[in-house]
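A short write-up of the structure that comes next.
These numbers come from the heavy atoms of this one structure, side chains and all, not from hydrogens, waters or symmetry mates. In this text, all values refer to a predicted model and were calculated from it rather than measured experimentally.
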Amino acid sequence: MTQIVDRKLASPVPSPETAAFWEGTGNGVFNLRWCRACNKTHWYPRAICPHCFSDDTEWRPASGKGEIHAFSVMSRADPVYVVAFVTLEEGPTMMTNLVECDSDKLGIGQKVELVFKDTEDGMKLPMFKPV
């Protein structure tokens, strides 16, 4: 059994396109970019839709629910941590960390939910834990 514990996290460096996203996470809100032209949500946050190349996009609050698409346990790290691709309920798949879990009990297709973890500078990173 490998219990995943909190570790020190570096803060992201917001860009003009991602500043609103990081502001939202600081307030406990997980926003995704949504395209009004093709009606699709996308991740990584950017103003131009990667599906149809429209600039008619907006921020929308996400559900914070998803499922594990793939994961890898970084067992040689100290402390051990899990990197994963989580497919969000809204459609996009994002790279993230799985936390507050036993890495031996994780599985593809397992349901997860959003949690925010503080960085060394107090910013909040979106991560996921099993439901």
Sequence neighbours excluded, which residues qualify as side-chain hydrogen bond (donor to acceptor under 3.5 Å, both in side chains) partners of [X]?
| X | answer |
| --- | --- |
| Asn31 | none |
| Ser72 | none |
| Trp43 | none |

**Message:** Before you tell me yes or no, could you show the steps for Val86 and His69 under side chain to side chain contact (heavy atoms under 4.5 Å, CB included), namely the whole-Å CA-CA distance, both residues' side-chain angles and the distance that decides it to 0.1 Å?
**Reply:** CA-CA 5 Å; Val86 169; His69 179 77; over 6 Å; no
If you compare all heavy atoms of [X] against all heavy atoms of [Y], which two are closest, and at what distance to 0.1 Å?
| X | Y | answer |
| --- | --- | --- |
| Ala47 | Thr57 | O-OG1, 2.8 Å |
| Trp22 | Thr25 | O-OG1, 2.9 Å |
| Ala19 | Pro14 | CA-CB, 4.1 Å |
| Thr96 | Pro126 | OG1-O, 3.3 Å |
| Pro50 | His42 | CD-CG, 3.4 Å |
| Ser103 | Val82 | CB-CG2, 4.1 Å |

Supply the atom-to-atom distance [X] [atom1] to [Y] [atom2], rounded to the nearest 0.5 angstrom.
| X | Y | atom1 | atom2 | value |
| --- | --- | --- | --- | --- |
| Leu9 | Leu125 | CG | CG | 5.5 Å |
| Phe21 | Ser15 | CZ | OG | 11.5 Å |
| Cys52 | Asn39 | SG | CG | 10.0 Å |
| Leu32 | Arg60 | CG | CZ | 11.0 Å |
| Glu89 | Thr41 | CD | OG1 | 11.0 Å |

Does any part of the side chain of [Y], heavy atoms only, come nearer than 4.5 Å to the side chain of [X], both counted from C-beta?
| X | Y | value |
| --- | --- | --- |
| Met94 | Phe85 | no |
| Phe71 | Ile108 | yes |
| Ser54 | Cys38 | no |
| Pro45 | Trp59 | yes |
| Leu88 | Phe128 | yes |

**Item:** Inter- and intrachain pairs under salt bridge (Lys or Arg N to Asp or Glu O under 4.0 Å), touching residues 15-41, at least two apart
**Value:** Arg36-Asp56, Arg36-Glu58
**Residue pairs involving residues 70-86 (criterion salt bridge (Lys or Arg N to Asp or Glu O under 4.0 Å); sequence neighbours excluded)** = none
Only pairs under 3.5 Å count here: list side-chain donor-acceptor contacts from residues 110-121, not counting sequence neighbours, and write none if there are none.
unit_1	atom_1	unit_2	atom_2	d
Gln110	OE1	Gly107	N	2.9
Lys111	NZ	Glu67	OE1	3.1
Lys117	NZ	Asp6	OD1	3.2
Lys117	NZ	Glu100	OE2	2.8
Asp118	OD1	Lys124	NZ	2.8
Thr119	OG1	Ser11	OG	2.6
Thr119	OG1	Asp121	N	3.3
Thr119	OG1	Gly122	N	3.3
Thr119	OG1	Met123	N	3.0
Thr119	OG1	Met123	O	3.4
Asp121	OD2	Ser11	OG	3.3

**Request:** Would you sort out whether Glu90 and Ser63 count as a side chain to side chain contact (heavy atoms under 4.5 Å, CB included), showing the intermediate values?
**Result:** CA-CA 8 Å; Glu90 292 78 11; Ser63 68; 3.0 Å; yes
**Request:** Give the cluster check for Leu98 versus Met127: same hydrophobic cluster or not, with ILVMFWY residues linked at side-chain heavy-atom distances below 4.5 Å.
**Result:** yes
